[in-house]
Amino acid sequence: MGDMNVVKVEAYRNSFLKEVEANVEGGQWVKMCMQCGVCSGSCPLGSAWDHPPQELFMMIRAGKREEVLTSSSMWMCTSCYNCIVRCPRDLPITHIMHGLAHYAERLGLAPKNQPTRKFAKLFWNNLVKKGRVNELKLGVALYFMNGLVEGIKTALKMAPLGLNMLKTKRMNPLEYVGGHGIKDAAGLQAILKKARAIELAKAKKA
Amino acid sequence: MAEIVATNQTILVVGGGISGMTAALEAAECGKHVILVEKTPSIGGRIGQLYRYFPKLCHPTCGLEINLKRLRGNKNLRLLTMTEVADVQGQAGNYTVTLKTQPRFINENCTACGACGEAVKAEFADEHNYGLGKRKGAYLPNAMAYPQRYVLDPRIIGTADAEAAKAACKFNAIDLDMQVETKTLTVGAIIWATGWRPFDASKIQPYGYDRYPNVITSVEFERLADPHGPTGGKLLRPSDGKEAKNVAFIQCAGSRDRNYLKHCSRICCMASLKQATYVREKFADAGDVSIYYIDIRAIDRIDDFHQKVKADPKVKFIKSKVAKIEQDKVGNPVVHGVDTEGYTRYATAHDLVVLAIGMEPSVAANNFPIKVKVNESGFIEQDEANGAIFAAGCSSDALDVNRAVQSATASALRAIQVINRVAGTEG
Ligand SMILES: Cc1cc2nc3c(=O)[nH]c(=O)nc-3n(C[C@H](O)[C@H](O)[C@H](O)COP(=O)(O)OP(=O)(O)OC[C@H]3O[C@@H](n4cnc5c(N)ncnc54)[C@H](O)[C@@H]3O)c2cc1C
Ligand code: SF4
Ligand code: SF4
């Protein structure tokens, strides 16, 4: 989707704020931020962010498009909602973080190895196959997210837990072949395809 | 109580703070007949609870004394304390008001000798000190109280303490049979000057005002600094009485926040700058001040004061709305947040944290005895729909004394215009 990136750069030239307002969920709120900093201070993962929300909002206004959209910061949000609750200006910060991440992904600018992004992809791909999350497959996929060697290491470490889950019937090994799903998985995929087409058409227009 | 004469040429002023006193005096000195009612046993309002005034750092009692002198000398002004307005009916130029006066249980014979206070044992939280200390069940509301007359707390009536007080009084001033009195009067215009109250700090949950003893409010800090206050003017922190030399001020505590008060309370930046000078005055170079702020709103000429405090190297300014406060093992409040200038994370311990608390109207929008038009923060609007009901001082907005008094004079003029129309002396 790199083409869309070119289109958007062309369309919004010097106003990244306008671009965010038109394309990012909750983006129209960004200009309301008064830079008090309470969101950044309230984030339990705050120290792991390169740019806390308050700074991202300032960067958007300052037109730092590249830095914002390629940043891993908004991917750090765990949706704890602490910032939303405390923001004196009612900004839906959590939603804006996800909106920014989503927009960056759509433009093909999101950092490729960001773990939250990877997980989101695994989760989604797993879910749409059968309309149900296959936990066994998702778990195994997660172990191998960072390569074969690390995957084997993690799998060995988690083996006793897996055995216990088997014993207590919390895990069905047969799920790995096939697995349960909804009645009309093809129907679901058709719905999603249609939704995606509508969304894309909208995104192109904005 | 002597008869009260009132007609539709009388102005009723509700609330005896600096604004109500000013409005009442301005109208009375213009020859108008004025009734001033005050809910508590003494007039002066919240300025009587301040140690110093910004920007000149003079004592509020000084201005209060001048007004009391004006008040004593004026025959047109009638003061009723412990009185509230229970009902208002009618329209501009002709209101029927019902006043309700609580019993003081002590009459005009009182010389404020204090014998009753000594005789009574029961103690209650001292309102004048925002509950930081205690007072007796027979008490003078504060050293400057006007009228200088004791009061019996209604909670001691019917107990041995009440009898002890009566027995101790040599001037036959105690009357335990006093009852609530209700009067109905006619007035032509009403000035509403019931002022403000501090925002309830415990609602700001992340700051822990209700959990940490060393997190206090700005109004409480004024009482600590005052030599007539609960600590005799020493800045001692509540948990262990240790001197609070390293003090943090947190601005916009409750104000400019859609979760609490939407408006800027306007005075709290100046109040904290002023209180920073208290710390420096008491401890000289051993005093350290940190002011956590979004932006400092010291407007017009009072910015000179801001600049003066800013030049003090012992006063640090941190541009950040504090996210939360925790408490360490020795009882120090630790403030957490991110500094907007550089986005650095901090966790800083202080001896004491003062919340620069916001102002809200003391009378809630739905508690007026007659419908009045208020703005979204509950302050009374200047609006035709309000007839001849005018707001003075902090009933109309969050104001400092200077602006409150200006607003009071304006409201007096508006009320006078109504009275003149009623009297036919103005077209
Ligand atoms: C921490 C702090 C520090 C401050 N320091 C300064 C300073 O240094 N300089 C400065 O200029 N300003 C200062 N202010 C602002 C100042 O306190 C106000 O401007 C001032 O109190 C306004 O006076 P007022 O008469 O309008 O209201 P109030 O002082 O609130 O007076 C209202 C009066 O009405 C009475 N009342 C209330 N309800 C009723 C009722 N229903 N019926 C009858 N009577 C009623 C009350 O008992 C009271 O006597 C400070 C404020 C704060 C919070
Ligand atoms: S809490 Fe709200 S107003 Fe404050 S910096 Fe964050 S987004 Fe901006
Ligand atoms: S005066 Fe200052 S502290 Fe008070 S609400 Fe306004 S900006 Fe905040």
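The sequence lines fix the lettering, A, B, ..., with proteins before strands; numbering per chain opens at 1.
Residues of residues 205-221 of chain B placed with any heavy atom under 4.5 Å of a heavy atom in chain A are listed by number as B:Pro206. Contacts between residues 138-147 of chain A and chain B, defined by a heavy-atom separation under 4.5 Å, are made by no residue at all. Chain A is approached within less than 4.5 Å, heavy atom to heavy atom, by B:Val338, B:Thr340, B:Tyr343, B:Arg345 from residues 338-356 of chain B, ordered by number. Close approach to chain A, defined as a heavy atom under 4.5 Å from one of its heavy atoms, is seen in B:Asn259 of residues 259-274 of chain B, taken by number.
Summarising the geometry of A:Arg86 relative to B:Asp257, their closest heavy-atom pair is O-OD2, 4.4 Å, with the distance given to 0.1 Å. When all heavy atoms of B:Ala323 and A:Val38 are compared, the pair lying nearest together is CA-CG2, 3.6 Å.
A 4.5 Å side-chain heavy-atom check between A:Ser42 and B:Lys324 finds every atom pair outside the cut-off. In this structure, B:Arg256 and A:Met34 have side chains that are in contact, with non-hydrogen atoms separated by less than 4.5 Å.
The 12-atom threshold is exceeded at CD of A:Gln189, counting heavy atoms of other residues, nucleotides or ligands nearer than 6.0 Å. The number of heavy atoms from other shown groups lying within 6.0 Å of NZ (A:Lys64) does not exceed 12. Environment of NZ in B:Lys319: crowded, with over 12 heavy atoms of neighbouring residues, nucleotides or ligands closer than 6.0 Å. Atom NZ of A:Lys205 is surrounded by 12 or fewer heavy atoms from other residues, nucleotides or ligands within 6.0 Å. No more than 12 heavy atoms of other residues, nucleotides or ligands sit less than 6.0 Å from atom CD of A:Glu135. Environment of NZ in B:Lys310: sparse, with no more than 12 heavy atoms of neighbouring residues, nucleotides or ligands closer than 6.0 Å.
With rounding to the nearest 0.5 Å, the separation of CD in A:Gln35 from OG in B:Ser320 is 11.0 Å. Interatomic distance, B:Gln251 CD to A:Cys36 SG, rounded to the nearest 0.5 Å: 13.5 Å.
Contact count against chain B (heavy-atom pairs under 4.5 Å) is highest for A:Gly41 among A:Gly41, A:Cys43, A:Cys83.
A:Cys39 does not touch chain B: none of its heavy atoms, backbone or side chain, sits under 4.5 Å away.
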